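Remember, it's a predicted structure, so these values are computed and weren't measured experimentally.
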Amino acid sequence: MSNALEVQNLHKTYSDFTLDSVSFSLPAGYIMGFVGQNGAGKTTTIRCILNMAARDGGEITIFGLDNVRDELAVKQELAAVFDESFFVESWRVREVEKIIKGFYSKWDSRLYGDYLKKFELSPDKRVKELSRGMKLKLMLAVAMSHGAKLLILDEPTSGLDPVARDGLLDILREYIADGEKSVFFSTHITSDLERIADYITLIDHGRIFYTGTKDNLLEHFRIVKGNKTDLADPLKRKLIGLSVTSTGFTGMLPVSEMKGLPGSIVTEQPAIDEILVYISKGGATHE
């Protein structure tokens with residue numbers, strides 16, 4: 001299985017933040033969700049992938065091409081959509097194509113027109129007249145009209161209503177249907193990822209906490225709840241995000257660490273957002 005995106009030992013240091021040995025890979029033909037709390041390093045990682053920020057170490061390849069050395073070729077193979085429109089507000093929708101298409105060798109005007117019809121985007125409307133959801137569709141129309149095989153999304157669903165978000169997920173499913181295209185999808189709305197993602201990469205304080213299939217992530221951890229009398233020191237040291245009250249405790253454990261738990265302890269399978277919450281509280285770390 002070939003990879004659309006490979007990040008190996010990525011380092012990037014700022015005065016108050018460091019990406020530390022970030023590594024993950026996205027197989028071609030799949031969708032990867034990239035999650036973590038605000039400030040965890042998601043946008044910095046994406047900026048490094050797009051060479052909008054110079055990496056201090058490591059390697060990033062896109063379909064086998066180095067993202068810096070082969071930047072011009074790489075940029076023909078990917079497209080990026082952010083949470084805010086990058087088009088000039090006074091442009092009309094039909095003018096967007098005239099201005100953008102010259103940057104891409106495989107621009108397809110017919111396909112762009114098809115997307116405008118499909119997304120119900122009027123060519124005569126100005127960008128400033130479009131709703132947030134329609135601006136997102138315009139960015140997607142541009143992104144998918146030049147043969148890009150990797151679509152990178154940075155918090156695109158922020159502020160969208162449920163109907164618009166559902167529409168985006170349908171668009172992404174269709175985009176990867178041929179098995180050749182891939183999506184790298186950064187979002188804090190984890191319910192979207194539970195519906196659409198094949199892989200999840202979870203970043204916490206600049207380090208990768210988990211990368212792998214979504215199903216394995218959800219099967220890997222369990223929320224545990226019990227009485228304070230069940231909270232022995234060995235268990236305390238293993239728990240992620242331990243919270244203790246006057247009546248009991250809750251925390252998260254890898255399934256591999258659950259042998260020998262007292263029978264009175266209750267376990268539950270967590271959702272992705274619950275995993276994020278427990279990780280954010282700190283405590284034990286488990287590879």
Side-chain angles (χ1 to χ4, degrees), residues 5 7 10 12 14 16-20 22 24 26 30-50 52-53 79-86 131-137 139-140 143 150-173 175-176 182-218 220-221 223 240-241 243 252 269-283 285:
L5 171 65
V7 177
L10 172 62
K12 177 64 180 177
Y14 294 102
D16 57 349
F17 178 78
T18 299
L19 283 180
D20 185 8
V22 167
F24 58 86
L26 168 59
Y30 293 94
I31 296 176
M32 174 176 280
F34 191 38
V35 297
Q37 61 183 308
N38 290 339
K42 300 190 300 297
T43 296
T44 299
T45 300
I46 288 174
R47 286 175 57 82
C48 288
I49 292 171
L50 298 173
M52 295 170 66
V81 174
F82 301 97
D83 62 340
E84 294 290 342
S85 170
F86 44 78
S131 67
R132 183 176 179 84
M134 297 306 280
K135 286 180 180 178
L136 173 61
K137 287 182 176 181
M139 288 190 286
L140 287 168
L150 174 62
L151 182 57
I152 297 177
L153 307 172
D154 190 11
E155 302 285 358
T157 56
S158 176
L160 293 183
D161 62 63
V163 174
R165 282 170 37 217
D166 186 70
L168 170 63
L169 300 188
D170 287 340
I171 292 168
L172 298 183
R173 289 190 189 98
Y175 177 74
I176 67 163
S182 308
V183 175
F184 185 65
F185 187 0
S186 168
T187 181
H188 65 277
I189 304 176
T190 56
S191 59
D192 291 343
L193 299 180
E194 290 180 342
R195 294 173 56 194
I196 197 172
D198 305 293
Y199 293 84
I200 298 289
T201 292
L202 199 162
I203 190 169
D204 180 57
H205 292 91
R207 303 190 69 179
I208 298 299
F209 185 89
Y210 172 88
T211 186
T213 68
K214 175 188 64 182
D215 291 342
N216 282 348
L217 171 64
L218 296 176
H220 188 71
F221 295 103
I223 296 171
I240 303 166
S243 177
M252 188 171 68
Q269 185 179 41
I272 295 174
D273 60 347
E274 290 177 307
I275 294 172
L276 286 174
V277 169
Y278 280 100
I279 291 171
S280 71
K281 293 178 181 179
T285 59

- Nearest atoms (heavy-atom pairs only) where I46 meets S186: CD1-CB, 3.7 Å
- Query: With a 4.5 Å heavy-atom cut-off, do M252 and I275 have their side chains touching?
  - Reply: yes
- Could you grab the distance from atom CD1 of I279 to atom NE2 of H205, nearest 0.5 Å is fine? 11.0 Å
- Nearest non-hydrogen partners of L150 and Y175, listed with the distance: N-OH, 3.7 Å
- Please list, chain by chain and in numerical order, all residues satisfying side chain to side chain contact (heavy atoms under 4.5 Å, CB included) with K137, sequence neighbours excluded. F119, L121, M134
- For D20, all residues meeting salt bridge (charged side-chain N to carboxylate O under 4.0 Å, His left out), sequence neighbours excluded: R207
- Task: Drop me the distance from T45's OG1 to I152's CD1, to the nearest 0.5 angstrom.
- Result: 11.0 Å
- Please identify each residue that fulfils side chain to side chain donor-acceptor pair (under 3.5 Å) with E194, with sequence neighbours left out. none
- Note on the structure: The side chain to side chain contact (heavy atoms under 4.5 Å, CB included) partners of E84 (sequence neighbours excluded) come to R132
- Item | Heavy-atom side-chain proximity of V7 to L26 below 4.5 angstrom | no
- Message: With heavy-atom distances below 4.5 Å as the criterion, would you say the side chains of F221 and P270 are in contact?
- Response: yes
- Residue set satisfying side chain to side chain donor-acceptor pair (under 3.5 Å) with D192, at least two apart, ordered chain then number -> R165
- Item | Sequence-distant partners of L172, side chain to side chain contact (heavy atoms under 4.5 Å, CB included), two or more places apart | I31, L151, L153, L168, V183, F185, I196
- Got a sec, which residues hit ring pair (Phe, Tyr, Trp, His ring centres under 6.0 Å) with F24, two or more places apart in sequence or on another chain? F34, F184
- Message: In the structure I gave you, are the side-chain heavy atoms of M139 and L136 within less than 4.5 Å of one another anywhere?
- Response: yes
- Query: Sequence neighbours excluded, which residues qualify as salt bridge (charged side-chain N to carboxylate O under 4.0 Å, His left out) partners of R47?
  - Reply: none
- Got a sec, which residues hit salt bridge (charged side-chain N to carboxylate O under 4.0 Å, His left out) with K214, two or more places apart in sequence or on another chain? none
- Query: Is there side-chain contact between T187 and L193, with at least one heavy-atom pair below 4.5 Å?
  - Reply: yes
- For D215, what residues pass the side chain to side chain contact (heavy atoms under 4.5 Å, CB included) criterion, not counting sequence neighbours? T213
- Do the side chain of K42 and the main chain of V35 share a donor and acceptor less than 3.5 angstrom apart? no
- Query: So, Q37 side chain and D204 main chain: donor-acceptor pair closer than 3.5 Å or not?
  - Reply: no
- Are any side-chain N or O atoms of Y210 and backbone N or O atoms of L217, one a donor and one an acceptor, separated by less than 3.5 Å? yes
- Task: Would you name the heavy atoms of L19 and G41 that are closest together and state the gap between them?
- Result: CD2-O, 3.9 Å
- Look up atom CD in E274 and atom CD1 in I223, then write down how far apart they are to the nearest 0.5 Å. 4.0 Å
- Message: Test of understanding: with salt bridge (charged side-chain N to carboxylate O under 4.0 Å, His left out), list the residues that count as partners of D154, not counting sequence neighbours.
- Response: none
- State, to 0.1 Å, how close V81 and A143 come at their nearest heavy-atom pair, and which atoms those are. CG2-CB, 4.1 Å
- Item | Contacts of D170 that satisfy side chain to side chain donor-acceptor pair (under 3.5 Å) - sequence neighbours left out | R173
- Query: Under the side chain to side chain contact (heavy atoms under 4.5 Å, CB included) criterion, do Y199 and T211 qualify, and how do the steps go?
  - Reply: CA-CA 7 Å; Y199 293 84; T211 186; over 6 Å; no
- Task: Check the pair S191 / D273 against side chain to side chain contact (heavy atoms under 4.5 Å, CB included), numbers first and verdict last.
- Result: CA-CA 8 Å; S191 59; D273 60 347; over 6 Å; no
- Query: Any side-chain heavy-atom pair from R195 and D166 closer than 4.5 angstrom?
  - Reply: yes
- Carefully, step by step, assess I49 and L5 under the rule side chain to side chain contact (heavy atoms under 4.5 Å, CB included). CA-CA 9 Å; I49 292 171; L5 171 65; 4.0 Å; yes
